[in-house]
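All remarks here apply to the structure that follows.
Letters A, B, ... are given to chains in the order of the sequence lines, protein chains preceding strands, and every chain is numbered from 1. Quantities reported herein were computed from a predicted structural model and do not represent experimental measurements.
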Amino acid sequence: METRTPRGFHDVLPDEVRRWQFIEDNARRIFDLYGFSEIRIPVLEFTEVFARSLGTTTDIVEKEMYTFTDRDGSSITLRPEGTAGVVRAFVENSMHAKSPVSKLWYSGMMFRHERPQKGRYRGFYQIGAELLGPEDPASDADLIAMVWKFLESIGLSDRLTLEISSLGDQRCRPQYKEKLVAYFKPEADRLCPDCRRRLGTNPLRILDCKEEGCRKIAAGAPKMMDNLCGECAAHFGAVREYLGSAGVPYTINPKIVRGLDYYTRTVFEVTTNELGSQNAVAAGGRYDGLVEELGGPGTPAVGFATGMERLVLLHEKAHPGGFRREIKVFIAYVGEGTETAAFRLTAALRERGVPAEMEYGGKSLKSQLKRADKSGAVYTFIIGEDELSRGKVKLRRMETSSEEEVDIEAAPALSF
RNA sequence: GUGGGUGUAGCUCAGACCGGUUAGAGCACUGGGUUGUGGCCCCAGAGGUCGCGGGUUCAAAUCCCGUCACUCACCCCA
């Protein structure tokens with residue numbers, strides 16, 4: 001048998017998990033502060049849910065989904081992102097009827113069949129949030145502010161850049177796209193092969209090309225920002241104002257392109273230059289048409305998602321060390337009948353809420369103390385035959401090596 | 001899907017260009033130095049299909065071919 005994970009999947013080992021928990025704890029705390037509730041949804045959906053949501057011509061749907069046929073013949077897909085499933089749950093449970101605004105967050109593993117590289121996996125964790133109901137620009141700004149607060153809370157904001165833009169809506173975006181294609185068409189043979197392809201599939205991406213030649217041509221291209229319809233322009237202006245008043249530092253990047261079809265109006269990205277080429281740690285935007293697309297009542301919404309592995313990678317660079325599990329008290333024992341006493345003392349300590357760990361099997365006292373040391377214990381109880389016969393145990397303070405005898409009955413009640 | 005780099009002990013890596021005894025180091029682990037006392041130090045020990053398969057050769061970790069994996073980048077994205 002193959003004793004390894006499939007390509008692109010990875011284990012998160014205990015030492016690392018502490019850091020994950022730190023990030024997750026802060027996410028939970030900040031989201032709660034902003035009035036978001038957690039929702040838990042399946043890791044798989046009918047394929048249709050993703051195909052309709054993300055757009056049938058997007059890379060994710062075309063070539064990156066883990067899709068299989070269920071026993072009854074239906075097509076099932078492991079979720080490549082979180083929004084589609086949350087919106088499906090929103091519609092299926094008629095959440096619109098329960099409240100004019102739903103604030104939901106989720107976390108869990110997503111699946112995309114991509115070629116792995118630094119910060120990019122086939123099975124990866126995302127934390128995300130969706131704010132459904134309001135169309136008001138204050139909701140865009142509130143969500144973005146929450147993302148920023150979260151990143152601040154884990155000590156990363158000084159290494160991150162927040163960029164925002166507007167993609168327009170059903171009215172102005174198609175017009176802009178045409179304008180863009182009309183601009184690039186005559187230059188097609190001077191574009192790189194990728195961009196010639198993009199001209200047909202996703203002309204907005206040409207603006208983002210890294211090729212020098214394409215960048216020169218793109219520099220003179222019409223900008224979405226200048227082609228927003230009146231309502232979209234007003235919306236974007238208001239979002240900026242709210243962000244400013246919330247003290248969220250952002251820059252405008254008109255070249256932001258999203259890979260999913262459902263985005264409208266506000267889009268944003270949080271990036272770093274410390275993670276190689278996978279530089280986006282969080283991204284999101286408004287998707288006013290998606291709820292209706294999935295069969296619900298017309299409901300505007302904004303949302304975002306962040307990649308846990310990327311956050312963890314960055315957090316490791318920013319704040320190395322400091323996430324080891326530590327036990328408060330270690331219980332060592334040596335001699336006849338001491339193991340039972342150790343077992344009871346350990347249990348009694350835990351009963352009082354003191355994190356305690358005991359030796360199993362009784363090696364030399366030396367090796368027990370070594371283990372105590374490694375466990376990070378502040379105190380070690382040493383139970384020896386002599387002391388035990390007098391109803392005593394030794395309490396060793398690890399840092400100073402000082403020891404004193406205490407009554408074994410009173411030991412669990414000491415203040416640690 | 002396309003390109004580059006790398007696979008030697010649990011981890012980080014020497015050894016490879018120039019084939020030649022039992023393949024090394026540091027860290028980690030175990031035991032001892034201390035018949036019941038951690039960290040520092042000293043001594044000892046355990047741990048390896050040199051990714052896998054084939055080829056060349058008297059002889060391959062080392063040279064050749066293939067293959068797999070990992071990794072970085074492109075594409076795309078969190």
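In this model, the phosphate group of B:C29 is approached by a side-chain N or O of A:Lys374 to a distance below 4.0 Å at OP1 or OP2. Taking only side-chain nitrogens and oxygens, A:Ser364 never comes nearer than 4.0 Å to OP1 or OP2 of B:G36. Put simply, A:Arg396 has no side-chain N or O that comes within less than 4.0 Å of OP1 or OP2 on B:G38. Taking side-chain N and O atoms only, A:Arg198 has a distance below 4.0 Å to OP1 or OP2 of B:C76.
If you measure from atom CZ of A:Arg397 to atom C1' of B:U37, you get 17 Å, rounded to the nearest angstrom.
Rounded to the nearest Å, the gap between the P atom of B:A61 and that of B:A16 is 14 Å. The gap from the P atom of B:C70 to that of B:G31 amounts to 36 Å, rounded to the nearest Å. Taking atom C1' in both B:G48 and B:G15, the straight-line distance is 14 Å, to the nearest Å. Comparing B:C68 with B:A28, their C1' atoms sit 29 Å apart, to the nearest whole Å. Separating the P atom of B:G54 from that of B:C40 is a span of 46 Å, rounded to the nearest Å. Straight-line distance between the P atoms of B:G53 and B:G39: roughly 43 Å, to the nearest whole Å. Look at the C1' atom in both B:U30 and B:A46: the space between them is 7 Å, to the nearest Å.
Nearest nucleotide to the A:Ser367 side chain, out of B:G31, B:G39, B:C76: B:G31. Comparing B:A78, B:G39, B:C72 by their nearest atom to the side chain of A:Asp373 picks out B:G39. When distances run from any side-chain atom of A:Arg7 to the nucleotides B:U71, B:C76, B:G38, the shortest one goes to B:U71.
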A:Trp20 and A:Tyr125: CA distance, side-chain angles, deciding distance, ring pair (Phe, Tyr, Trp, His ring centres under 6.0 Å) verdict
CA-CA 10 Å; A:Trp20 282 63; A:Tyr125 284 87; 5.4 Å; yes

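Pair assignment for B:G31 gives B:C43, based on Watson-Crick or G-U wobble hydrogen-bonding distances that are each under 3.5 Å.
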